[in-house]
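Every chain is numbered from 1 and lettered A, B, ... according to where its sequence line falls, protein lines coming before strand lines. Everything numeric here is computed off the predicted structure, so don't read it as measured data. All values below come from the heavy atoms of this structure, side chains included, with hydrogens, waters and symmetry mates left out.
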Number of protein chains: 2
Amino acid sequence: MTTASTGAPRWLTDEEQSVWRAYLHATTLLEDHLDRQLQRDAGMPHIYYGLLVQLSQAPGRRMRMTELAKDAKITRSRLSHAVARLEKNGWVRREDCPSDRRGQNAVLTEEGSEMLRRSAPGHVAAVRQAMFDRLTPEQVRGLGEIMRVMAAGLEPEGAGADLPWLR
Amino acid sequence: MTTASTGAPRWLTDEEQSVWRAYLHATTLLEDHLDRQLQRDAGMPHIYYGLLVQLSQAPGRRMRMTELAKDAKITRSRLSHAVARLEKNGWVRREDCPSDRRGQNAVLTEEGSEMLRRSAPGHVAAVRQAMFDRLTPEQVRGLGEIMRVMAAGLEPEGAGADLPWLR
DNA sequence: CTCATCTAGTTCAACTTTCAAGAAAGAGTC
DNA sequence: GACTCTTTCTTGAAAGTTGAACTAGATGAG
């Protein structure tokens with residue numbers, strides 16, 4: 001799927017450019033902000049924190065590596081490194097999967113849970129202050145809809161999600 | 001500003017959680033997508049590409065390092081490394097600033113311009129396909145408004161941008 | 001002028017991410 | 001069972017990022 005690019009490129013309109021710039025600024029500023037907040041208060045970057053949250057919500061507080069990677073939208077390689085680090089911190093433990101001897105479960109430890117309990121309030125406050133406390137309820141609804149549409153279009157599975165895939 | 005956190009934390013509602021998850025998924029998927037697209041077609045990650053674009057739009061195709069860092073929302077340190085790499089590729093050149101002997105200008109070279117001309121169409125197409133071609137005009141307008149509000153709240157300067165900063 | 005202070009930019013070490021390669025186990029075929 | 005193909009997860013090196021320390025030049029007070 002090499003973006004056929006027949007004909008002249010359709011450039012962005014002025015409004016689209018402005019929206020795109022605002023999108024890039026807001027998303028990078030927010031990501032940086034959360035990374036620093038969590039690095040300071042929990043000693044890890046945002047994505048690592050997200051992994052612990054996922055685990056905390058999974059049945060048995062454990063998940064297969066591949067599943068966790070898929071849910072968190074990261075590569076298995078990246079997850080391997082991340083879990084190694086979280087393991088060193090004592091927040092996650094690996095265990096062999098009983099049903100598939102290739103498999104590993106990442107398990108949230110008690111220390112990991114405790115860490116989440118301690119840092120969740122500050123994290124939620126940061127998210128609130130950056131996003132939800134600044135938007136109207138209609139904007140929140142609209143943002144949700146927009147983000148779901150975009151995510152759906154980018155999911156690897158839905159290769160058929162390319163819009164006008166008719167000639 | 002240590003997020004005072006007096007009283008019980010206001011957790012996210014179900015809808016807010018769902019919006020937050022959708023936001024995280026969409027933004028990470030899109031960033032990954034653009035990083036790969038540009039790595040493949042232009043040989044550099046998205047943020048480096050953005051630096052070249054900024055330079056291409058600046059008067060004289062040159063900018064002071066600090067200004068460039070500010071506009072691109074990255075640290076000066078990161079910019080130093082990035083420019084070093086772009087310089088090695090021949091797309092950017094450093095020059096001493098005439099008016100301030102501490103200063104450096106990053107200058108877009110002819111090769112850099114050429115590279116942009118070659119890869120811009122593919123990049124725009126990717127952005128279009130991921131975002132603008134999937135949203136209605138009202139959604140695009142709404143997204144712009146939302147992102148501007150969020151960015152404004154996160155700008156370092158606007159420390160006074162904390163919403164209810166009255167007691 | 002001299003001093004302290006600030007700003008511009010770089011550099012170093014520690015850490016994270018990526019990509020390609022690889023070991024090990026499951027699954028299907030003949 | 002032997003073969004091939006696939007899936008699961010890890011590893012190692014290269015590239016990128018971060019935060020703190022550092023150099024050099026500007027700036028303002030006395």
Side-chain angles (χ1 to χ4, degrees), chain A residues 28-29 31-52 62-89 91-107 156-157, chain B residues 28-29 31-40 42-51 62-89 91-107 156-157:
Chain A
T28 66
L29 285 171
E31 184 60 14
D32 283 10
H33 185 63
L34 294 183
D35 265 343
R36 294 212 179 109
Q37 188 260 319
L38 283 170
Q39 192 69 57
R40 176 164 52 73
D41 297 353
M44 63 187 135
H46 185 201
I47 186 119
Y48 287 33
Y49 183 88
L51 296 176
L52 297 191
R62 71 197 61 212
M63 260 195 220
R64 286 291 295 272
M65 294 292 279
T66 295
E67 192 195 357
L68 182 51
K70 222 172 273 173
D71 285 9
K73 266 81 184 153
I74 62 177
T75 61
R76 289 196 304 278
S77 168
R78 188 175 175 183
L79 182 60
S80 269
H81 290 296
V83 167
R85 203 269 223 184
L86 292 172
E87 211 171 11
K88 209 179 304 181
N89 282 280
W91 297 325
V92 164
R93 170 168 54 77
R94 275 181 231 245
E95 77 181 10
D96 292 346
C97 173
S99 58
D100 185 337
R101 268 193 299 173
R102 296 167 303 180
Q104 292 277 115
N105 278 319
V107 189
E157 17 158 358
Chain B
T28 66
L29 285 171
E31 184 59 15
D32 283 9
H33 184 63
L34 294 182
D35 265 343
R36 297 221 173 102
Q37 188 260 319
L38 283 169
Q39 192 70 57
R40 176 163 53 74
M44 64 188 135
H46 185 203
I47 186 116
Y48 287 32
Y49 184 88
L51 296 175
R62 70 197 61 213
M63 260 194 219
R64 286 291 295 272
M65 295 291 280
T66 295
E67 192 195 356
L68 182 51
K70 222 172 272 171
D71 284 10
K73 266 81 186 154
I74 62 178
T75 61
R76 289 196 305 279
S77 169
R78 189 173 175 185
L79 181 60
S80 269
H81 292 295
V83 168
R85 204 270 224 181
L86 293 172
E87 211 171 9
K88 210 180 301 180
N89 282 282
W91 296 325
V92 164
R93 169 167 54 77
R94 275 181 232 244
E95 78 182 9
D96 293 345
C97 173
S99 58
D100 185 335
R101 270 191 299 174
R102 296 167 301 180
Q104 293 277 126
N105 277 319
V107 189
E157 17 157 359

Roughly how far, to the nearest 0.5 Å, is [atom2] of [Y] from [atom1] of [X]?
X      : Y      : atom1 : atom2 : result
A:L34  : A:Q37  : CG    : CD    : 6.5 Å
A:Q104 : A:M63  : CD    : CE    : 15.5 Å
B:R64  : B:R102 : CZ    : CZ    : 7.5 Å

Output the rounded distance in Å from [atom1] ([X]) to [atom2] ([N]).
X     : N      : atom1 : atom2 : answer
A:I74 : C:dT16 : CD1   : P     : 13 Å
A:M63 : D:dT8  : CE    : P     : 15 Å
A:D35 : C:dT16 : CG    : C1'   : 11 Å
A:E95 : D:dC9  : CD    : P     : 12 Å
A:L68 : D:dC9  : CG    : P     : 10 Å
A:H33 : D:dT18 : NE2   : P     : 15 Å
A:D96 : D:dT8  : CG    : P     : 16 Å
A:Q39 : D:dG19 : CD    : C1'   : 10 Å

Protein-nucleotides 7-15 of chain C N/O pairs closer than 3.5 Å?
{"residue": "C:dT7", "atom": "O2", "partner": "B:R102", "partner atom": "NH1", "Å": "2.6"}
{"residue": "C:dA8", "atom": "O3'", "partner": "B:R64", "partner atom": "NH2", "Å": "3.2"}
{"residue": "C:dG9", "atom": "OP1", "partner": "B:R64", "partner atom": "NE", "Å": "3.0"}
{"residue": "C:dG9", "atom": "OP1", "partner": "B:Q104", "partner atom": "N", "Å": "2.9"}
{"residue": "C:dG9", "atom": "OP1", "partner": "B:Q104", "partner atom": "O", "Å": "3.1"}
{"residue": "C:dG9", "atom": "OP2", "partner": "B:T66", "partner atom": "N", "Å": "2.7"}
{"residue": "C:dG9", "atom": "OP2", "partner": "B:T66", "partner atom": "OG1", "Å": "2.2"}
{"residue": "C:dG9", "atom": "N7", "partner": "B:R76", "partner atom": "NE", "Å": "3.2"}
{"residue": "C:dT10", "atom": "OP1", "partner": "B:R94", "partner atom": "NH1", "Å": "2.2"}
{"residue": "C:dT10", "atom": "OP2", "partner": "B:S80", "partner atom": "OG", "Å": "2.4"}
{"residue": "C:dT10", "atom": "OP2", "partner": "B:R94", "partner atom": "NH1", "Å": "3.3"}
{"residue": "C:dT10", "atom": "O5'", "partner": "B:S80", "partner atom": "OG", "Å": "3.4"}
{"residue": "C:dT11", "atom": "O4", "partner": "B:S77", "partner atom": "OG", "Å": "3.2"}
{"residue": "C:dC12", "atom": "N4", "partner": "B:H81", "partner atom": "NE2", "Å": "3.4"}

>> Need one value for A:I47: base, sugar-phosphate or nothing, where a base atom within 4.0 Å counts as base even if backbone is also close, heavy atoms only.
In response: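 The residue A:I47 makes sugar-phosphate contact but no base contact.
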List, one per line, each side-chain donor-acceptor pair under 3.5 Å for residues 72-85 of chain B, sequence neighbours excluded.
{"residue": "B:K73", "atom": "NZ", "partner": "B:E155", "partner atom": "OE2", "Å": "3.3"}
{"residue": "B:T75", "atom": "OG1", "partner": "B:R78", "partner atom": "N", "Å": "3.1"}
{"residue": "B:R85", "atom": "NH1", "partner": "B:G43", "partner atom": "O", "Å": "3.2"}
{"residue": "B:R85", "atom": "NH2", "partner": "B:G43", "partner atom": "O", "Å": "3.2"}

> Between B:M44 and B:L86, what is the shortest heavy-atom contact and its length?
Replying inline: SD-CD2, 4.0 Å
> What is the minimum heavy-atom distance between B:H46 and B:D35, and which atoms define it?
Replying inline: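 B:H46 and B:D35 have their closest heavy atoms at N-OD1, 2.8 Å.
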